[in-house]
Amino acid sequence: MLPSTAPPAAPVSGLLVVSALLIATCGLIYELVAGALASYLLGDSITQFSLIIGAYLSAMGLGSYLSKFIDRGLVSRFVEIEIAVALIGGFEAPMLFAAFTYTPGFAPVLYGLVLTIGALVGLELPLLIRILERQSSLKELVARVMFLDYIGALFASLLFPLLLVPRLGLLRTSLVFGILNAAVALWTTFLFEAPPAVKLRLRLMAAAALAVLGLGFGFAGHAERAMDAQLFADPVVLREVSPYQRVTVTHRAGDTRLFLDGALQFSSVDEHRYHESLVHPALRAVQTPTRVLILGGGDGLAAREVLKHEGVEEIVLVDLDPIVTRLFTEREELRLLNDGALTDPRVKVVNDDAFRWLQGEGLGRFDAVIIDFPDPNDYALGKLYTNHFYRMLTRVMAPHAVGSIQATSPLFSPDAYWCIMATLGAELAYVRPYHAYIPAFGEWGFALFSKAEPEVRRPLPLGLRFLDDATIDTLFQFPVDLRRGPQPVNRLDDQVLVRLYDEDWQKLGGH
Amino acid sequence: MRLSRRELLLGASALGLGCGETPAPKGPIPVAETLPGLAASAHRLRNGKPQTRVSGVERVDLLIVGAGAAGVSAAWRVARAGFRGSVSWLELGDRPGGTAAMGSGPSGEFPLGAHYITLPSPEATHVRTMLQDVGIIQGFDAEGRPRYRETDLCFDPEERLFYGGRWEPGLWPEAALSGEDRAQKAHFDALTQRLTQARGADDRPAFSIPIARSSQDPALRALAEQTFASFLDAEGLHSPALRAYLRYAARDDFGAELEQISAWAGLHYHCARRPDPATPLGTTVLTWPGGNGALIGALLKRTPYTPRLGVLVLSCEPEAEGWRLAALDGDALIEIQAKAVIMALPVFVVNRVVKRPAPLRAESAPWRVVNLHVDGLPAQEGVKAAWDSVIWGAKGLGYVINTHQTGAFGRGPATLTCYEPLSTESPDTSRAILLQERPQDAVNHVLDDLSAAMPGLRDRVIGAEVCPWGHGTAIPAVGLHRVGALEDAARALPGLSFASADLSGMSLFEEASFHGCRAAEEVLMGLGALTDPRLAGPA
């Protein structure tokens, strides 16, 4: 391929191809990482990408210009620059995350990094061309190097959105390309003649860079967890990790939000819509709700609504996570949300897996049942939506008992919603789907269920903010686009619901 | 609000993040060994009869020797027949169950060995009857198809496979395969589907569980005369992925390599299961947190008999009216005279206890089973939980987790039962290695094997129990399943019947229980005490 005048044709050709391609790919990846991070963290992606591309390209120009001041030890300088790019570029995403998390000045760090990496990348190609210049004609060399440079850019722009971000995330993408850059540096030391002492020094530096980057890659998972808190829209006021889930509370301008494993459970601005819709349709259909069972609902908000009904003597609240119920019992700002429901003497909190708890003996019969589990996004939650679970539930339901359940969104996850309806229908004679609009969630689905059609319709308690007797029945009307055909029953040996739920959300474009 | 932003930032791995904080590194893991008593006392057999005084002679109508799956099934069958005579029952181990025993730990019951059965086909009358008796089959529909109790069916997701850096659903590495791999898998699947429905000239299914119900057609049994590996070669099935998958299956059921088992046995694994439940199910497996130990426990509850534990039978000699056995109960030598005996022991033990003209010589595979008690699972990539977790390319077969079937799905404390048949060297060599291995080394070996898929697991282990099964599973070698071979080995002596899965050449609960029931029915007939129809009679 190379002109016959070039003596060590094979290694140089190899170096040229691999180095130029890798350098170009790495260079563009660092730019894309910066652009993507800036638009995610700061918003306004047009501005962010535009500014970062501009800054990066101009810094590359600066680097190319500065290359003329490098005269001696071209190969050593090249290797050193590679190592520097590897380290700075490799740790670009971690450094940007850290800056966003721990410092007030994100923009200076962002542009400082972009300019530094840009300048270093700008130095690379002129140096590479000059190193190879002695072994090939300039015409040939420039054509090849520039060709590979632009092809590398194509690689990067395809790999980045299709493979790297979805599979590795930005943090590890950045580190992987740092490792590749350092590998180019190390490899280069084996291709060119240099005094042994110089070679040794360069190799040690490159190996150290590889080790540091490798270590960084190993700890990326750890760092992701540490940064987790910063990925919520509002300031995090509380973060606890229980054996079951990550519990996060955010607060901004009168809006308190609870997240379990990153999924929103309620926003204090509109949770009254959710919890009134969840509780009162069932409770008003029971003559005297003496004993009420709440499954899930460790935030105490459903209990607060139940306590608005006269005649309630006992509420048994079964929630898996003692950390959630403790927070909503002890923390003043959270207690205010549930009106101290969890310290009400009528409320008995049981921290257990509802699936296991229902297998127990001596549970007695309940007059009403409220089910408020997180969405069935994994199998451990999906089991709480199986026909077997509902059959166990019927054993603790009095003959006249009425239950209600949150059942995901009939708009966003219609297959999952109607699968829950079908599963309830497999065990209970009476199932009535209904829905309400909750701004924080969107259109949300529920169902009433009972062993027989309830005959009671008591007036709603006073002081509700969302429901009244005149309009509550409208919740049971489904517009055309919320109606769906039958779905399979969710069973323990075949948890179709988890898969339907996952597919539904994927259809919505990766929400 | 879903995770879109988080996913973009952190990649798919964000979804697989575990909940627990990384705990501080701990000291050495407390390790227990569960079978030393069994192995040590069993090896006393080799040393001949000890010189201790006989402390008494016991006389019974029926003696059952062994309380593994075969012995427990025999006892269940005797009880079911309403036998009124006196029964005595001896077991060497410290608990009933044999290789189907279970342990109990910080997260509840866990298996020490066998941990599931497949849904029984219609031919497995005895299994269906047993399952109905213990409440696992809750009834049959008009076509006779069983309805199963949901909590005994393996919960979804059943299996996951670790390859390419993450856990994927199923056991077949779909995404990593070439077109040729897929084509060969399709060829193999078509072949096994055809054989699953095939019948021999005697109109019996080509492959059946129980094996005694399989066709004796010489054309089919010719498959017992070649190794599975040579059969696959002849079929042109060379795909490395397919061979790895089939090797996994062979090691899983037989503890042996494709070169060690016959083609008949290798195909039996894939072609003998024809469950027909009343409702279409997402699984073909029944399992329990304690593995088959739970089934043993349920059967024991249905019998009035209790095995005497820690008793080693030394000899069994015919007498004018029945049999005379010598046994060691602790240090005391005891003698028992029985009118009839059910010898429910593995054949390698029976051969030392009962003199027979042509005893069955069959090899068995040693297994390293290690139970890891964890306070939780570390963060993992991909499918977060499954009953059975397999790591592509690992030495071991992976692990089952006992809290899957309780509904915890791997959340919180659990016991991981890790299985590894030592199949790469000869059984004798491997057995020697296994029995000399320090329990701590076994635990380290397993943790190393799992480390690629479960980084950080070591820090979550709070204890371990090592079960070195010197004779874990029968190896169905070439010739073992030729016409008549096993039938000869199972033939009763007057007043003495043999029961063991070894007599099927495969260590399946269904086979052990078949021989248990068959042996019980034989001796009951001999005593004139069989009053109900046979469950495990001749085909």
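Note on naming: letters A, B, ... go to the chains in the order of the sequence lines (proteins, then strands), and numbering restarts at 1 for each one. These numbers come from the heavy atoms of this one structure, side chains and all, not from hydrogens, waters or symmetry mates.
With chain B as the partner, the residue from A:N387, A:V496, A:V498 showing the most heavy-atom pairs under 4.5 Å is A:N387. Of the listed residues (B:C154, B:P157, B:G376), the one with the most heavy-atom contacts under 4.5 Å to chain A is B:P157. Among B:T151, B:L281, B:T283, the residue making the largest number of heavy-atom pairs under 4.5 Å with chain A is B:L281.
Neither the backbone nor the side chain of A:L384 has a heavy atom closer than 4.5 Å to any heavy atom of chain B. With a threshold of 4.5 angstrom between heavy atoms, B:P413 does not approach chain A through any atom at all.
Inter-residue side-chain proximity for B:T406 and A:R356 is flagged as unmet; no heavy-atom pair is nearer than 4.5 Å.
To the nearest 0.5 Å, atoms CG (B:D156) and CG (A:L492) are separated by 9.0 Å. Taking OH of A:Y379 as the start and NE2 of B:H404 as the end, the distance is 9.5 Å to the nearest 0.5 Å. Rounded to the nearest 0.5 angstrom, A:Q495 CD and B:E158 CD are separated by 12.5 Å.
Checked against side chain to side chain contact (heavy atoms under 4.5 Å, CB included), B:D449 has the following partners two or more places apart in sequence or in another chain: B:A394, B:K395.
The shortest heavy-atom contact between A:A380 and B:A408 is CB-O, 4.2 Å.
Under the 30°/60° scheme for interplanar angles, the aromatic rings of B:F155 and A:F355 are found to stand perpendicular.
A salt bridge between A:D321 and B:R411 is absent, with no side-chain N of the basic residue lying under 4.0 Å from a carboxylate O of the acidic one.
Side-chain atoms of A:D493 come within 3.5 Å of backbone atoms of B:G282 as a donor-acceptor pair (strictly under, hydrogens ignored).
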